[in-house]
Protein chains: 2
Amino acid sequence: MDVRPDGQRATLQDVADRAGVSLATASRVVNDGSRKVGKDLADRVNKAVAELGYTANLQARAVATGQSTMIGVALRDISDPYFSSIAAGLIEVADAGKLLVCMTSTVAHEDAEREYVALMRAQRARAVVLVGSRSDNTAARAALRAELDAFTRSGGRAACVGQNLLGVDTVLPENRAGAEALARALAALGHRRFAVLAGPRSLLTGQERTNGFRDGLRAWSVPLDPARVVHGDLSRDGGYQAMSEILAAGEPLPDCVFAVSDIMAVGALARLRSAGVDVPGDIALAGFDDIPTLRDVYPPLTTVRLPLRRLGEIAARLVLSDDAPQPRVVPVPGEVVLRDSTRPRPPAAREPEARPPATQPPATQPPARRPRG
Amino acid sequence: MDVRPDGQRATLQDVADRAGVSLATASRVVNDGSRKVGKDLADRVNKAVAELGYTANLQARAVATGQSTMIGVALRDISDPYFSSIAAGLIEVADAGKLLVCMTSTVAHEDAEREYVALMRAQRARAVVLVGSRSDNTAARAALRAELDAFTRSGGRAACVGQNLLGVDTVLPENRAGAEALARALAALGHRRFAVLAGPRSLLTGQERTNGFRDGLRAWSVPLDPARVVHGDLSRDGGYQAMSEILAAGEPLPDCVFAVSDIMAVGALARLRSAGVDVPGDIALAGFDDIPTLRDVYPPLTTVRLPLRRLGEIAARLVLSDDAPQPRVVPVPGEVVLRDSTRPRPPAAREPEARPPATQPPATQPPARRPRG
DNA sequence: TATTCTCGGGAAAGCCCTTTCCAGAATAAT
DNA sequence: ATTATTCTGGAAAGGGCTTTCCCGAGAATA
């Protein structure tokens, strides 16, 4: 194979020469299907291909045909299990469709997503998928929208996982509804004094989850003290730090802490443990996402399960289906999963004014289950 | 922008036409640097570029120049934090070098890696990185080597993270030495009866870690009962399952269980917990990798820390440096991290024949530290 | 037998760029 | 003033592929 004297890669012309056929014929054999080629000539071409170790140059093919097989994926942080799970779903579907997935981590700066879309436009990528919460930086968002617009206008497909703010196909995790259901479930367990570890101030996902949680409490007429909503990085250390602030605020401690992501919840758990506060004995703790890798932390974490792989799969499918040029939105509900980190609060400890919601009976809550004992 | 009547993407010829210059001049302006162009003409070209929203077709450029900016990465399972951490390191370095990272998950079948390398060859990728343990399927390995050979022979660079068996640049996590050091440390803590959750039978990383562990024990003249080495999938469920087998084998339980990966260890921990076996009270448990996401499991897991991000960074740098065409090997040591999951075994419980190694004093062990209190 | 169809093959135009080569102008050196 | 040296710009030849268009030969139809 690859017997060209100059050590260079064999070209289709080499194949054609060696087989004694024209370039056109060689091409037709290699892309078999486009048009028929006589058996004997085809055999000669295949022989030449094998002998030269020829592989078609996909870049050149893409230039010639004007269509690419690349799909670009930008996510905030590939090492975060939330994103890597979504990426896994995306890759699976894309691989099945014989597409090439290009990936970047946009941790760096706000503009990274826009730059990546521009790069994908230059690469003539078939599609681009943006994964992760939007921020409330509207200027950056406008720039991103413009870039996505240019991308789609030149024939590319675009989708995002997160908020529906970019004018493209969107997979929409129901952060607000999930957090609301969680709040109701926690209130139903008897918890009354809550704190929220809310993620970065500018990130919409954190805002949605916080607001949804507040709404859920409101249904039970349980207030959420704004002073007990502390912001922090959406990471283990962010959760640790935010929990520290709650502890530093002094007595009385909340009954229950809601961290807007499991990762933060784990950081909070570590902080509580180091302070000698027992979970769930002294304080209940809940997260969001149901990160698979964290299903075995102790105590098992109450959370809102999102089908992360599916988010990626859906996004990939949206972007690969060639129908429906107009932006579609696919909401994906979360499911409250009650585990041991939020045991029912013993009635003795409850405050007198606790009462179930009047307007909306608890029966409207999404089903809550306790998997894995 | 993009004002071409047919809605198609603007081409460099369009730019040249609109600016009233030749294609060559337009090209020179766009790739500024190759050759000087008069100020006025350059301005006209830039104006046309802006008006048309022109973006160079990178595929065509790659065909013309014969060099690509793509680097392919194949890893077993992107949703596994071990791999996603490595991927993060890779992406960071590649992004800094303005390279496009294409990624795939090769969970599916043994041949997936080979196919991906072939695909990268077809794409004329600049480099390819294979991340993950080799298996002992030598036939598949030979095929993979042949494909890598074809890839490098046609000018691509290749590297792998794992075993040095592919004849390409290799980042070599010191599985054996790490496991050996871990075994010594555990023996020094007083443990004598060990079990190993060894991962899939065919995966070399699991084999190396198991063998290294056995060696370490041998230094303390502690035997490892082959019946207590059970194989299982390199996953949470695999660890759970394997631990079940150990428990099913009946009394006496081992003092200490070594799972060849943290993920398996967590599964084992869940199994022990559900059986009412206390860790570390009744049994000690250790893992390998020191997955960041699992640093906060309870009890904190003794493990061998690998600098996962760095593995990816090193691999990326190997593949991007243009010197040294011959395959290089970069060994990366692990560091034993003793945490609470393996408390010292109380002397009362120790068996009489316990004794420190005669030939190699424990002082030769790598430094063991307990971070995070 | 004459006429129309396939059918298999090649020449060549195209895809969108880069880069070499060449020509003319402007500047420098003698 | 003449030659030699830059500079600038354009024409055109690539790069490696697909695909249209055309042509001759054999098959099918009348």
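In what follows, every chain begins at residue 1, and chains take the letters A, B, ... in the order their sequences are listed.
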Rounded to whole Å, how long is the line connecting atom [atom1] of [X] with atom [atom2] of [N]?
X	N	atom1	atom2	value
A/Arg124	C/dC17	CZ	C1'	11 Å
B/Asn31	D/dG9	CG	C1'	16 Å
B/Gln67	D/dG15	CD	C1'	12 Å
B/Leu58	C/dC17	CG	C1'	11 Å
A/Gln59	C/dC17	CD	C1'	12 Å
B/Leu12	D/dA11	CG	P	14 Å
A/Leu52	D/dG16	CG	C1'	15 Å
A/Leu23	D/dG15	CG	P	12 Å

Mind checking what makes side chain to side chain donor-acceptor pair (under 3.5 Å) contact with [X], not counting sequence neighbours?
X	result
B/Lys36	none
A/Lys98	none
B/Ser68	none
B/Arg134	B/Glu113

Just jot down the side chain to side chain contact (heavy atoms under 4.5 Å, CB included) partners of [X], sequence neighbours excluded, or say none.
X	value
B/Ala316	B/Leu90, B/Val93
B/Leu41	B/Val21, B/Thr25, B/Val37, B/Arg44
B/Arg114	B/Asp111, B/Ala143, B/Leu144, B/Glu147
B/Gln67	B/Thr65

Task: Backbone N/O of B/Ala150 and side chain of B/Ser154: donor-acceptor pair under 3.5 Å - done: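 Checking the backbone N and O of B/Ala150 against the side chain of B/Ser154, a donor-acceptor pair under 3.5 Å is found.
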Task: A/Asp14 side chain to A/Thr11 backbone, donor-acceptor under 3.5 Å - done: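 It does hold such a pair.
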Does [X] make a side-chain N or O approach to OP1 or OP2 of [N] shorter than 4.0 Å?
X	N	result
B/Tyr54	C/dC16	no
B/Arg44	D/dG9	no
A/Ser27	D/dT19	no
B/Asn57	C/dC15	no

Check: protein-nucleotides 24-26 of chain C nitrogen or oxygen pairs below 3.5 Å:
none

Open item on the list: Rounded to the nearest 0.5 Å, what separates atom OG in B/Ser321 from atom CZ in B/Arg328?
Closed with: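 The CZ atom of B/Arg328 is 4.0 Å from OG of B/Ser321, to the nearest 0.5 Å.
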Open item on the list: When the axes are fitted on five pairs at both termini, how much does the helix from C/dT1-D/dA30 to C/dT30-D/dA1 curve, in 10° steps?
Closed with: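 One end's axis against the other's: 40°.
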- [ ] Using a 4.0 Å heavy-atom cut-off across all strands, classify A/Ala56 as base, sugar-phosphate, or nothing.
- [x]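 Since only primed, P, OP1 and OP2 atoms lie under 4.0 Å of A/Ala56, the category is sugar-phosphate.
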Task: Sugar-phosphate only, base, or nothing, as touched by B/Thr65 at under 4.0 Å among non-hydrogen atoms - done: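 Sugar-phosphate: the residue B/Thr65, judged by heavy atoms under 4.0 Å, touches backbone atoms but no base.
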- [ ] For B/Ala26 and for A/Ala24, find the nucleotide of DNA chain D with the closest heavy atom, then tell me which residue's nucleotide is more 5'.
- [x]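 The residue closer to the strand's 5' end, by nearest nucleotide, is B/Ala26.
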- [ ] For residues 122-133 of chain A, pull every pair meeting side-chain hydrogen bond (donor to acceptor under 3.5 Å, both in side chains), keeping only residues two or more places apart or in separate chains.
- [x]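 Residue pairs passing side-chain hydrogen bond (donor to acceptor under 3.5 Å, both in side chains), neighbours aside: A/Ser133-A/Thr205.
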Collect all protein-nucleotide pairs involving nucleotides 4-9 of chain C in which both atoms are nitrogen or oxygen and the distance is under 3.5 Å.
unit_1 : atom_1 : unit_2  : atom_2 : d
C/dG8  : N7     : A/Arg35 : NH2    : 3.3
C/dG9  : OP2    : A/Gly38 : N      : 2.4
C/dG9  : N7     : A/Arg35 : NH2    : 2.2
C/dG9  : O6     : A/Arg35 : NH1    : 2.9
C/dG9  : O6     : A/Arg35 : NH2    : 2.8

